[in-house]
Amino acid sequence: MKRIGVYPGTFDPITLGHMDIIERGAKLVDELIIGVTTNIAKSPMFSDDERMAMVEREIAGVGNAKIRVVGFNSLLMDFADAQGAQVVIRGIRGVTDFEYEYQLTGMNRQLNHDVETVFLMADVALQPIASRLVKEIAIYGGNISKFVSPAVRDDVVARIAGQR
């Protein structure tokens, strides 16, 4: 049986931390589906289509045909079920992430006990990276090159320049 994993997120924008989890998560499954969603609690800088295109562009460099990008706007467990996934992959940067993810995993388990959640610890050098902070740094003119690829940096800088 083919093992399918889902790595969900808003990816607004996709960071080097996300890419680390994608590359490592892809080694754990036969196919990794990156689920790009809109979090109603967040105000995205980029539209759904823009974020999907950004993720597609970034994973093209991974050179792994078993990774694909799918947009969704539903409960994660419904999305995982629709994709035939047995595993949800989540990145953890620290204790705060773990507490949130622990609660989320418990709720997801109640919705679909057939889908397991696997936590991957972020690489130590990438642990402080959060999309929210990347955007904040960029808005105030800071250099985000350490946190995102050059193409994503250009996307973020262009978006901020267009908003001014």
Side-chain angles (χ1 to χ4, degrees), residues 3-39 41-48 50-72 76 79-80 83 85 87-106 108 115-160:
R3 179 152 311 272
I4 299 172
V6 169
Y7 176 43
T10 53
F11 306 102
D12 185 48
I14 187 167
T15 68
L16 298 178
H18 292 130
M19 289 302 299
D20 174 56
I21 299 300
I22 289 168
E23 291 171 13
R24 291 170 44 218
K27 295 175 186 175
L28 302 176
V29 293
D30 299 314
E31 180 180 13
L32 180 62
I33 299 165
I34 302 170
V36 178
T37 188
T38 299
N39 183 335
K42 297 179 182 179
S43 298
M45 177 178 275
F46 296 97
S47 71
D48 293 352
E50 289 170 325
R51 288 181 288 113
M52 285 186 59
M54 193 181 297
V55 173
E56 289 273 5
R57 181 188 65 214
E58 294 301 305
I59 67 165
V62 174
N64 191 330
K66 68 179 188 174
I67 302 174
R68 63 187 174 98
V69 179
V70 177
F72 78 103
L76 174 58
F79 176 69
Q83 300 303 313
V87 177
V88 171
I89 295 173
R90 301 293 291 171
I92 302 287
R93 292 172 297 196
V95 175
T96 304
D97 280 353
F98 179 77
E99 289 176 0
Y100 171 76
E101 294 294 342
Y102 180 79
Q103 182 179 20
L104 190 62
T105 298
N108 285 337
V115 177
E116 292 293 338
T117 299
V118 174
F119 298 126
L120 294 178
M121 292 301 299
D123 182 278
V124 174
L126 303 173
Q127 282 179 358
I129 301 174
S131 294
R132 174 183 53 82
L133 297 175
V134 168
K135 290 184 287 191
E136 188 173 324
I137 291 166
I139 287 168
Y140 288 104
N143 184 352
I144 60 172
S145 298
K146 294 178 182 178
F147 314 119
V148 297
S149 73
V152 172
R153 180 200 62 226
D154 292 347
D155 290 341
V156 172
V157 169
R159 177 54 46 95
I160 291 168

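Hydrogens, waters and symmetry mates play no part in the numbers below; they use all other heavy atoms, side chains included. This chain uses plain numbering: 1 for the first residue, then up along the sequence. Given the structure is predicted, the values throughout are model-derived calculations rather than measurements.
- For residues 116-139, the set of pairs meeting the salt bridge (charged side-chain N to carboxylate O under 4.0 Å, His left out) definition, not counting sequence neighbours, comprises D12-K135, R109-E116.
- Between L120 and the choices I89, I22, D20, the side-chain contact (heavy atoms from CB on, under 4.5 Å) rule is met once, by I89.
- For the atom pair CD1 of I144 and OG of S131, the computed distance is 10.0 Å after rounding to the nearest 0.5 Å.
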Check your understanding: Does the pair M45 and I160 meet the rule for a side chain to side chain contact (heavy atoms under 4.5 Å, CB included), with working shown?
Key -> CA-CA 9 Å; M45 177 178 275; I160 291 168; 3.9 Å; yes
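- Atoms OH and OG1, on Y102 and T117 in that order, are 12.5 Å from each other to the nearest 0.5 Å.
- Under the 4.5 Å side-chain criterion, counting only non-hydrogen atoms from C-beta, I14 is in contact with M19.
- The two residues G71 and F79 make their nearest non-hydrogen contact at O-CE1, 4.2 Å.
- Between F11 and Y7, the ring-plane angle classifies as perpendicular under the 30° and 60° cut-offs.
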Check your understanding: Passes side chain to side chain contact (heavy atoms under 4.5 Å, CB included), F147 versus I137? Steps please.
Key -> CA-CA 10 Å; F147 314 119; I137 291 166; 3.9 Å; yes
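- The line from NE2 of H18 to CD of E58 is 11.5 Å long, rounded to the nearest 0.5 Å.
- The backbone N or O of A122 sits nowhere less than 3.5 Å from a side-chain atom of R93 that would complete a donor-acceptor pair.
- Nearest heavy-atom pair, A26 versus I67, reported as atom, atom and distance to 0.1 Å: CB-CD1, 3.8 Å.
- Taking every heavy atom of both residues into account, P128 and A125 meet most closely at CD-O, 4.0 Å.
- Here the side chains of T10 and P44 are not in contact, with every heavy-atom distance at 4.5 Å or above.
- Put simply, CZ on F119 and CG on D97 are 10.0 Å apart, with the number rounded to the nearest 0.5 Å.
- Without hydrogens or angle criteria, R153 side chain to K146 main chain gives no donor-acceptor distance under 3.5 Å.
- The CG atom of L126 lies 12.0 Å from the CE atom of M121; values are rounded to the nearest 0.5 Å.
- For the residue pair I129 and G17, the shortest heavy atom distance occurs at CD1-N, 4.3 Å.
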Point to revise | R90 and L104: CA distance, side-chain angles, deciding distance, side chain to side chain contact (heavy atoms under 4.5 Å, CB included) verdict | key: CA-CA 11 Å; R90 301 293 291 171; L104 190 62; 4.3 Å; yes
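- With rounding to the nearest 0.5 Å, the separation of CZ in R51 from CE in M54 is 9.0 Å.
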Exercise for review: Begin with the C-alpha distance, continue with both residues' side-chain angles, and end with the deciding distance and a verdict on side chain to side chain contact (heavy atoms under 4.5 Å, CB included) for R57 and V152.
Suggested key: CA-CA 9 Å; R57 181 188 65 214; V152 172; 3.6 Å; yes
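- When side chains are defined from C-beta on, V6 counts as touching L76, because their heavy atoms get closer than 4.5 Å.
- A 4.5 Å side-chain heavy-atom check between D48 and V36 finds every atom pair outside the cut-off.
- Here the side chains of V156 and V148 are not in contact, with every heavy-atom distance at 4.5 Å or above.
- Under the rule for a side-chain hydrogen bond (donor to acceptor under 3.5 Å, both in side chains), the partners of E31 that lie at least two apart in sequence or sit in another chain are K2, R68.
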